[in-house]
Amino acid sequence: MPITIQGSTCLRESLEASFKNRELLCGPNQYKCEKCDNQYRDAEKYSQIKSLPPILTLSLLRFAYDLKTYQRYKETSRFEFPIEIDLAEFMEDSVSKEESCYELFSVIIHSGS
């Protein structure tokens with residue numbers, strides 16, 4: 001699962017930014033509803049995790065784009081992640097603690113080009 005880290009100092013902040021923020025689609029940004037005879041409607045856009053695998057791999061997206069310089073850069077600031085994490089609050093439906101809890105097993109740090 002790719003996780004954007006820009007603007008976050010830890011995994012929880014990144015997950016909250018990805019799954020807890022809701023965007024209101026209204027005015028000129030309304031949603032075209034296929035169930036409503038293709039009429040435009042106000043809507044809320046958000047993401048939730050539908051199911052989790054037995055082994056979860058998170059890929060931290062450390063590259064960002066600077067709109068002032070038109071350059072891609074790597075986010076190198078400190079980023080913290082816990083030894084254990086419960087993802088139940090980011091799930092579509094409530095699941096058992098055993099299904100949504102993970103323990104950190106390994107960290108891979110790539111260097112070079």
Side-chain angles (χ1 to χ4, degrees):
M1 175 185 324
I3 302 293
T4 302
I5 68 161
Q6 189 175 14
S8 301
T9 61
C10 65
L11 182 58
R12 174 150 304 282
E13 284 179 10
S14 291
L15 290 169
E16 286 175 355
S18 296
F19 297 107
K20 290 224 170 173
N21 292 339
R22 293 175 178 247
E23 180 183 354
L24 184 59
L25 304 176
C26 60
N29 197 26
Q30 284 184 319
Y31 175 75
K32 188 174 183 180
C33 179
E34 294 176 2
K35 296 178 183 177
C36 309
D37 297 324
N38 288 322
Q39 294 181 12
Y40 288 92
R41 305 275 185 189
D42 288 349
E44 225 177 24
K45 180 178 152 184
Y46 62 93
S47 297
Q48 290 181 314
I49 301 171
K50 188 171 185 174
S51 64
L52 290 166
I55 298 173
L56 178 66
T57 302
L58 298 176
S59 176
L60 303 182
L61 303 177
R62 298 185 74 91
F63 286 96
Y65 191 75
D66 187 338
L67 293 173
K68 292 179 183 174
T69 63
Y70 300 109
Q71 297 282 324
R72 189 173 83 136
Y73 67 95
K74 186 175 184 179
E75 190 69 54
T76 58
S77 58
R78 180 180 175 92
F79 188 80
E80 298 178 5
F81 43 89
I83 298 297
E84 294 180 351
I85 190 164
D86 183 3
L87 299 177
E89 66 185 285
F90 307 111
M91 299 289 296
E92 189 174 84
D93 298 308
S94 57
V95 294
S96 72
K97 205 80 161 138
E98 290 121 18
E99 294 174 318
S100 64
C101 288
Y102 289 91
E103 183 178 8
L104 181 64
F105 180 75
S106 69
V107 175
I108 298 173
I109 300 172
H110 175 266
S111 63
S113 56

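We're numbering straight along the sequence, starting at 1.
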Criterion side chain to side chain contact (heavy atoms under 4.5 Å, CB included) on Glu75 and Leu60, from CA distance to verdict: CA-CA 10 Å; Glu75 190 69 54; Leu60 303 182; over 6 Å; no
Pair Lys50-Glu92, salt bridge (charged side-chain N to carboxylate O under 4.0 Å, His left out): steps then yes or no: CA-CA 5 Å; Lys50 188 171 185 174; Glu92 189 174 84; 5.1 Å; no
Verdict with supporting geometry, Glu13 and Lys20, salt bridge (charged side-chain N to carboxylate O under 4.0 Å, His left out): CA-CA 10 Å; Glu13 284 179 10; Lys20 290 224 170 173; over 6 Å; no
Arg78 and Glu80: CA distance, side-chain angles, deciding distance, salt bridge (charged side-chain N to carboxylate O under 4.0 Å, His left out) verdict: CA-CA 7 Å; Arg78 180 180 175 92; Glu80 298 178 5; 3.0 Å; yes
Intermediate values then yes/no, side chain to side chain contact (heavy atoms under 4.5 Å, CB included), Met91 and Leu52: CA-CA 9 Å; Met91 299 289 296; Leu52 290 166; 3.5 Å; yes
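Using a 4.5 Å heavy-atom threshold, the side chains of Leu24 and Lys45 count as separate. Side-chain atoms of Tyr40 and Cys26, non-hydrogen and from C-beta on, never get closer than 4.5 Å to each other. Ser8 has its side chain within reach of Phe79: a pair of non-hydrogen atoms, C-beta onward, lies under 4.5 Å apart. Taking the side chain as every heavy atom from C-beta outward, Leu87 and Leu15 approach each other to under 4.5 Å.
Rounded to the nearest 0.5 Å, atoms CD1 (Ile3) and OG (Ser18) are 5.0 Å apart. With rounding to the nearest 0.5 Å, the separation of CG in Leu58 from CE in Met1 is 6.0 Å. A distance of 11.0 Å separates CZ of Phe105 from OG1 of Thr57, quoted to the nearest 0.5 Å. To the nearest 0.5 angstrom, Ser51 atom OG is 10.0 Å from Glu99 atom CD. To the nearest 0.5 Å, atom CD of residue Glu89 and atom CD1 of residue Ile49 are 9.5 Å apart. Expressed to the nearest 0.5 Å, how far CZ of Phe63 lies from CD1 of Ile5 amounts to 10.0 Å.
Environment of CD in Glu34: sparse, with no more than 12 heavy atoms of neighbouring residues, nucleotides or ligands closer than 6.0 Å.
Shown here for Tyr65 and Arg72, the closest heavy-atom pair between the two residues is CD1-N, 4.0 Å. The two residues Leu11 and Phe81 make their nearest non-hydrogen contact at CB-CB, 4.1 Å. Considering every non-hydrogen atom in both Tyr73 and Asp66, the closest pair reads CE2-N, 3.8 Å. What you find for Glu23 and Asn29 is that their closest heavy atoms are OE2-ND2, 3.9 Å. Shown here for Tyr31 and Ala43, the closest heavy-atom pair between the two residues is CB-CB, 3.7 Å. What you find for Asp42 and Gln30 is that their closest heavy atoms are OD1-NE2, 2.9 Å.
Residues in residues 56-65 take part in no salt bridge (Lys or Arg N to Asp or Glu O under 4.0 Å) pair, two or more places apart or across chains.
The cluster map of Ile, Leu, Val, Met, Phe, Trp and Tyr, joined by side-chain heavy atoms under 4.5 Å apart, puts Phe19 and Leu61 in different clusters. Hydrophobic clustering (ILVMFWY, side-chain heavy atoms < 4.5 Å, transitive): Val107 and Ile83 are in one cluster.
Glu16 and Ser14 share no side-chain donor-acceptor pair at under 3.5 Å.
Distance alone, capped at 3.5 Å, places no donor-acceptor pair between the Asp37 side chain and the Gln39 backbone.
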